[in-house]
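Reviewing the structure listed below.
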2 protein chains.
Amino acid sequence: MSTGLPSRDDLIGALSWKMRRLSGETVLFHQAIADRLGINPTDLKCLDLASGPEPVTAGRLAEVSGLTSGAITGVINRLEKAGLVERQPDPDDRRKVIIAVRPDVPMTVMGLFGSMSHSMLELCSRYEEHELALVLDFVSRAADTMHAEAIKLQEKPEKQEKTERPEKTEGAEKPEKAEKTGKPTVDA
Amino acid sequence: MSTGLPSRDDLIGALSWKMRRLSGETVLFHQAIADRLGINPTDLKCLDLASGPEPVTAGRLAEVSGLTSGAITGVINRLEKAGLVERQPDPDDRRKVIIAVRPDVPMTVMGLFGSMSHSMLELCSRYEEHELALVLDFVSRAADTMHAEAIKLQEKPEKQEKTERPEKTEGAEKPEKAEKTGKPTVDA
DNA sequence: TATCTTAGCTTAGGAAGTAAGATACTAGGA
DNA sequence: TCCTAGTATCTTACTTCCTAAGCTAAGATA
């Protein structure tokens, strides 16, 4: 308001706001992709996890996605129904089920991401290499920070610098759940 | 592998990977905050929307969150049960319900975000102002790009540069849902 | 062979969403 | 004033997708 140039604090405030917005928009974008494929975002995440170079079993998928085996059965059923993957028996261990992504699916998904990746390339073309390197450095450290802070919050569910919540005035007294209760989305 | 210095393409590839990771970590972080408050991420988002300078009604909350009025009733019930907000009658229009965030809640939430914001300040302190300005510029444009691309995907559910999906080999033939079917999270 | 472990599926139950309708209130004429 | 239309929230029925626990088939071990 006074100098015309943003102060360092203004910059940092704006940056954290924009980063939050970017995150929200990213979620929305993936939701849109999933809608186009006729699946939900959890399924899309699993499809992505299954699209790596080496074959993945249902159990492995449960492990990396953080879902239970029952949930993964549902995910695979939906992906199979949508024609995106196939269940294949593992010849070495007949208990296992290999999730084979249909060969044309990577191209399909690439097609959906196509406009996006074009736009991102265009965005990047506006910057010098050393500038991109700087952004990469920042984003990379920010991701590490976010991860560390999430872990911190998860690991010590006890007092957090004395920020006491007051008692509820009336009615149902059970604020102590704070555990996996319902329907989380994929987290890995 | 050859020059030792990353190429421009390598940079861009790494950047898009790290941005994706950042987005995932952000979601996880907010999940952790919500867990600590004993609510779900949708509720946290609504609490945030209700925490602005001016009072918000249930209907307004439904509008900005993209949820139905029925869903908002559930959100408010949970937030009220957790002792985070109160329903207050609007003196001017007795149909309306004002969602009043309890006065101590902003501090409580600040407490939870405290370590995070400290770490982010520390991260920012490693950079010059012009560097922060550059990152802000990039992130800001990236968010706009993401938004535009999500809209694009939502708006023309027809052909997308001829990336045809093949017919399913057998079983239930109904790949044409691609609409709001189930249980989205807050999107605004 | 008998038993333990592992992998995936099935089932029961719960959380949280939508859509549609009920309820209560406001507002605008006749 | 009374009737009617519109608005704001809540309620109900139903759907989706998750967890937890149990089941079955297959591999591993003694």
Side-chain angles (χ1 to χ4, degrees), chain A residues 31 34-35 38-46 50 55-82 85-100 174 177-188, chain B residues 31 34-35 38-46 50 55-82 85-99 172 174 177-188:
Chain A
Q31 172 74 250
D35 283 349
I39 57 180
N40 68 45
T42 301
D43 299 344
L44 177 59
K45 180 78 183 182
C46 289
V56 173
T57 64
R60 174 68 186 151
L61 206 49
E63 205 176 315
V64 296
S65 70
L67 295 173
T68 58
S69 71
I72 286 296
T73 298
V75 168
I76 299 172
N77 287 345
R78 291 188 296 272
L79 289 177
E80 207 170 28
K81 184 173 284 185
V85 305
E86 265 177 355
R87 281 183 167 89
Q88 285 178 354
D90 184 332
D92 298 332
D93 185 341
R94 282 184 299 165
R95 291 169 305 178
K96 294 186 180 176
V97 166
I98 294 178
I99 311 308
K174 42 169 192 171
K177 40 203 287 280
E179 284 309 309
K180 268 191 175 332
T181 54
K183 185 191 319 302
T185 49
V186 156
D187 56 358
Chain B
Q31 172 75 253
D35 283 349
I39 57 180
N40 68 46
T42 299
D43 299 344
L44 177 59
K45 181 76 183 184
C46 289
V56 174
T57 64
R60 174 69 186 148
L61 206 49
E63 206 175 314
V64 296
S65 70
L67 295 172
T68 59
S69 71
I72 287 297
T73 297
V75 168
I76 300 172
N77 287 344
R78 290 189 297 272
L79 289 177
E80 206 170 29
K81 185 173 282 185
V85 305
E86 264 177 356
R87 280 183 168 89
Q88 285 178 353
D90 184 332
D92 299 332
D93 184 340
R94 283 184 298 167
R95 291 169 304 178
K96 294 186 180 177
V97 168
I98 293 177
I99 312 308
K174 41 170 193 172
K177 40 204 285 281
E179 285 310 309
K180 268 192 172 335
T181 54
K183 188 188 320 301
T185 48
V186 157
D187 56 359

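Order of the sequence lines fixes the chain letters, A, B, ..., with proteins taken first and strands second; residue numbering starts at 1 for each chain.
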Compare side-chain N and O positions of [X] against OP1 and OP2 of [N] and report whether any pair is under 4.0 Å apart.
| X | N | result |
| --- | --- | --- |
| A:N40 | D:dT16 | no |
| A:R87 | C:dC9 | yes |
| B:R78 | C:dG17 | yes |
| A:R94 | D:dT24 | no |

Spacing between [X] atom [atom1] and [N] atom [atom2], to the nearest angstrom:
| X | N | atom1 | atom2 | value |
| --- | --- | --- | --- | --- |
| B:I39 | C:dA15 | CD1 | P | 16 Å |
| B:D43 | C:dA16 | CG | C1' | 9 Å |
| A:L61 | C:dG8 | CG | P | 10 Å |
| B:I76 | D:dT11 | CD1 | C1' | 14 Å |
| B:L44 | C:dA16 | CG | C1' | 16 Å |

With a non-hydrogen cut-off below 4.0 angstrom, is B:A71 in contact with a base, only sugar-phosphate, or nothing?
base
Mind checking if A:G70 touches a base, just sugar-phosphate, or nothing, with heavy atoms under 4.0 Å?
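The residue A:G70 makes base contact.
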Whom does D:dA30 pair with, Watson-Crick or G-U wobble, provided both distances fall under 3.5 Å?
C:dT1
Let's test your reading of the model: under 3.5 Å, does the base of D:dC17 pair with the side chain of A:T42 as donor and acceptor?
no
Base of D:dT9 paired with side chain of B:R95 (donor-acceptor, under 3.5 Å):
no
Is there side-chain contact between B:V64 and B:K45, with heavy atoms separated by less than 4.5 Å?
no
Student check: side-chain heavy atoms of B:L67 and B:T42 closer than 4.5 Å:
yes
